[in-house]
Amino acid sequence: MVDLNRLRSELPDKYSVRENFPGLVYKGGGQRKASGTVLLFSNGSIIITGEDNNEIIMRILGDVASDLKSLGCQPREDVGLRVVNSVAQFRIRRPVDIALFAQSTPGSKLDRSRFPAVTWRDPQTGCTIRLFRNGAGVVLGSGDQAKIKQAVYNLYGIITKLGTSQTKRVNTSRTHVISAEGDGKEKKFYWVVNNQVGEGVDRTRLTELLVRLFGPSISKTVMRNLDILIGEQQQYTLKEVGQVLVSLLGEAPTNAFLDRLRRQADDYSL
DNA sequence: AGACTATAAAAGCTTG
DNA sequence: CAAGCTTTTATAGTCT
């Protein structure tokens, strides 16, 4: 049992309440970007979201335990973590006719006026996939990586049978898995990109160029991936930008591709 | 640049 | 008795 009222009244800056919600909300990481947010309940259950690293999760839980101890409580030490959900990202190598997918695939629905992705529940794994026309997608509803990958392969099987689609292959090697845990925790798997020194591209101008080339949404995604894969910087090398674009577009990082990128960057006086 | 659209999941309390 | 509330996260659209 946890005395939530005491925690809230004694440490109001750290533990907050929400209207119509019985849990206490604790922001674990302060200014850190990937800080876990903890939901504490009266029976001692804890939900952690927004953090994928088990060590950080245990540290955050330790912080909460310290606060409880400072109030004279004795929190249990044998904390068990269980993954209850996750958000996994994948990309296939071709645009997908999501309207055709929706009309020919049972268990799918699409309402482009509300959201630009087709939603499909994989009956085998129980995972829900949201697939976008550019081949990007997310897998929801499971923390089990094997099931997540299987769901993507099942989806791929449907897409390849869809008319004349020539989708090449699923890049599950590039799948991020971000899982939320009841009792809390999350996992994230990133593929590694070499960080090389070179001529820098200014962050602001790069953003503007990406908006011009791909539109605001894609630009946002590319910048976010740059921040995650390379690290948030004011300047990126063309090679780094190329690597991230390549990972998103599923194309090989040819010199021609990088030259094209460089020319367009020059045209935009980067 | 940010909010909102939609999705899954857990917790436990409130509302219809 | 089920549904909504709250939190997070990826994805990509529209709109302010």
Side-chain angles (χ1 to χ4, degrees), chain A residues 1-2 4-5 15-29 33-53 56-57 60 80-92 95-96 98 102 107-122 125-144 147-148 151-152 155 174-190 203-204 207-208 210-211 214-225 227-229 248:
Chain A
M1 279 298 135
V2 180
L4 297 183
N5 292 327
Y15 298 87
S16 53
V17 215
R18 298 287 182 271
E19 274 191 65
N20 303 321
F21 190 68
L24 260 197
V25 181
Y26 171 78
K27 299 275 182 182
K33 260 195 169 175
S35 63
T37 293
V38 183
L39 305 178
L40 298 141
F41 298 91
S42 52
N43 68 347
S45 297
I46 288 177
I47 301 287
I48 296 185
T49 61
E51 181 54 65
D52 61 301
N53 183 299
I56 296 177
I57 286 166
I60 292 170
L81 299 181
R82 183 171 58 97
V83 181
V84 296
N85 190 30
S86 71
V87 180
Q89 170 212 118
F90 67 90
R91 275 171 200 273
I92 55 179
V96 178
I98 56 175
S108 65
K109 60 174 179 177
L110 170 64
D111 181 355
R112 297 187 91 144
S113 68
R114 299 184 73 76
F115 196 75
V118 61
T119 302
W120 170 70
R121 185 179 162 93
D122 174 31
T125 61
C127 293
T128 294
I129 290 182
R130 318 207 73 198
L131 179 65
F132 298 83
R133 63 179 179 177
N134 63 355
V138 292
V139 188
L140 296 313
S142 177
D144 183 336
K147 280 189 180 174
I148 290 163
V152 177
L155 173 85
R174 289 180 177 137
T175 299
H176 293 200
V177 178
I178 300 136
S179 43
E181 293 239 336
D183 275 329
K185 86 174 174 214
E186 306 234 326
K187 280 185 191 160
K188 202 176 245 171
F189 302 96
Y190 295 136
R203 180 186 191 83
T204 307
T207 305
E208 288 167 5
L210 291 171
V211 168
F214 304 110
S217 288
I218 304 280
S219 171
K220 235 181 276 183
T221 299
V222 173
M223 292 310 292
R224 193 183 306 136
N225 276 273
D227 291 344
I228 292 171
L229 299 173
L248 294 173

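Just the heavy atoms: all of them, side chains too, but no hydrogens, waters or symmetry mates, feed the values below. Each chain gets a letter, A, B and so on, in the order the sequences are listed, and its residues count up from 1.
Of the listed nucleotides (C:dT14, C:dT8, C:dT11), C:dT11 has the atom at the smallest distance from the side chain of A:Arg224. Taking every side-chain heavy atom of A:Phe21 into account, C:dT6 is the closest of B:dA10, C:dT6, C:dA10. Listed nucleotides: C:dT11, C:dT7, C:dC5. Nearest to the side chain of A:Val25: C:dT7. Of the candidate nucleotides C:dT9, B:dA6, B:dA11, B:dA11 has the atom nearest to the side chain of A:Leu39. Listed nucleotides B:dG2, C:dT7, C:dT11 differ in distance to A:Lys220; the shortest reach to its side chain belongs to B:dG2. Of the candidate nucleotides C:dT11, C:dA12, C:dT7, C:dA12 has the atom lying nearest to any side-chain atom of A:Ile218. Among B:dT7, C:dT14, B:dA6, the nucleotide with an atom closest to any side-chain atom of A:Lys109 is B:dT7. Closest to the side chain of A:Val84, from the set B:dA10, B:dA11, C:dG13, is B:dA10. Here the side chain of A:Ile47 is nearest to one of B:dA11, C:dT11, B:dA6, namely B:dA11. Comparing B:dA11, B:dT5, C:dT14 by their nearest atom to the side chain of A:Ser217 picks out C:dT14.
Put simply, A:Thr119 has no side-chain N or O that comes within less than 4.0 Å of OP1 or OP2 on B:dA6. Taking side-chain N and O atoms only, A:Ser42 has a distance below 4.0 Å to OP1 or OP2 of B:dC13. Phosphate proximity of C:dT8 to A:Lys27: present, with a side-chain N or O under 4.0 Å from OP1 or OP2. The side chain of A:Asn225 contributes no N or O atom lying less than 4.0 Å from OP1 or OP2 of C:dA10. Note on A:Arg91: a side-chain N or O is less than 4.0 Å away from OP1 or OP2 of C:dA12.
Counting non-hydrogen atoms under 4.0 angstrom, A:Asn134 reaches the backbone sugars and phosphates but no base. Within the 4.0 angstrom heavy-atom criterion, no nucleotide atom of any strand lies near A:Ser113. Nucleic acid contact class of A:Ala117 (heavy atoms, under 4.0 Å, all strands): none. Heavy atoms of A:Arg133 sit under 4.0 angstrom from primed sugar atoms or phosphate atoms, though from no base atom.
With rounding to whole Å, A:Glu208 atom CD is found 13 Å from B:dA1 atom C1'. Between the CG atom of A:Leu4 and the P atom of B:dC13 there is a distance of 9 Å, given to the nearest Å. What separates CD1 of A:Ile148 from C1' of B:dA8 is a distance of 11 Å, to the nearest Å. In this entry the distance linking CD1 of A:Ile57 with P of C:dT7 reads 19 Å, nearest Å. Distance A:Ile129 CD1 to B:dA9 P: 14 Å, rounded to the nearest Å. Rounded to a whole Å, the CG atom of A:Leu110 is 12 Å from the C1' atom of C:dG13. The interatomic distance linking A:Ile48 (CD1) with B:dA8 (P) rounds to 23 Å, in whole Å. In this structure, CZ of A:Arg18 is placed 13 Å from C1' of C:dT8, rounded to the nearest angstrom.
Side-chain atoms of A:Arg18 do not come within 3.5 Å of backbone N or O of A:Val25 as any donor-acceptor pair. Looking at A:Asn85, its side chain does come within 3.5 Å of a backbone N or O of A:Gly141 through a donor-acceptor pair.
To the nearest 0.5 Å, atoms CD (A:Gln89) and OG1 (A:Thr221) are separated by 8.5 Å.
Mapping A:Pro22 and A:Phe115 onto DNA chain B by nearest heavy atom places A:Phe115 at the nucleotide closer to the 5' end. Along DNA chain B, the nucleotide nearest A:Pro116 and the nucleotide nearest A:Arg121 are compared for position; the residue whose nucleotide lies closer to the 5' end is A:Pro116.
Considering only residues two or more places apart in sequence or on other chains, A:Ser108 meets the side chain to side chain donor-acceptor pair (under 3.5 Å) condition with none of them.
Between the side chain of A:Arg130 and the base of B:dA6, at least one donor-acceptor pair of N or O atoms lies under 3.5 Å.
Aromatic ring pairs are classed by plane angle as parallel below 30°, tilted from 30° to 60° and perpendicular above 60°; the pair A:Phe21 and A:Phe41 is perpendicular.
Residues A:Val222 and A:Lys220 are not in side-chain contact: their nearest non-hydrogen atoms beyond the backbone lie 4.5 Å or more apart.
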Legend entry - Verdict with supporting geometry, A:Lys109 and A:Thr119, side chain to side chain contact (heavy atoms under 4.5 Å, CB included): CA-CA 5 Å; A:Lys109 60 174 179 177; A:Thr119 302; 4.2 Å; yes

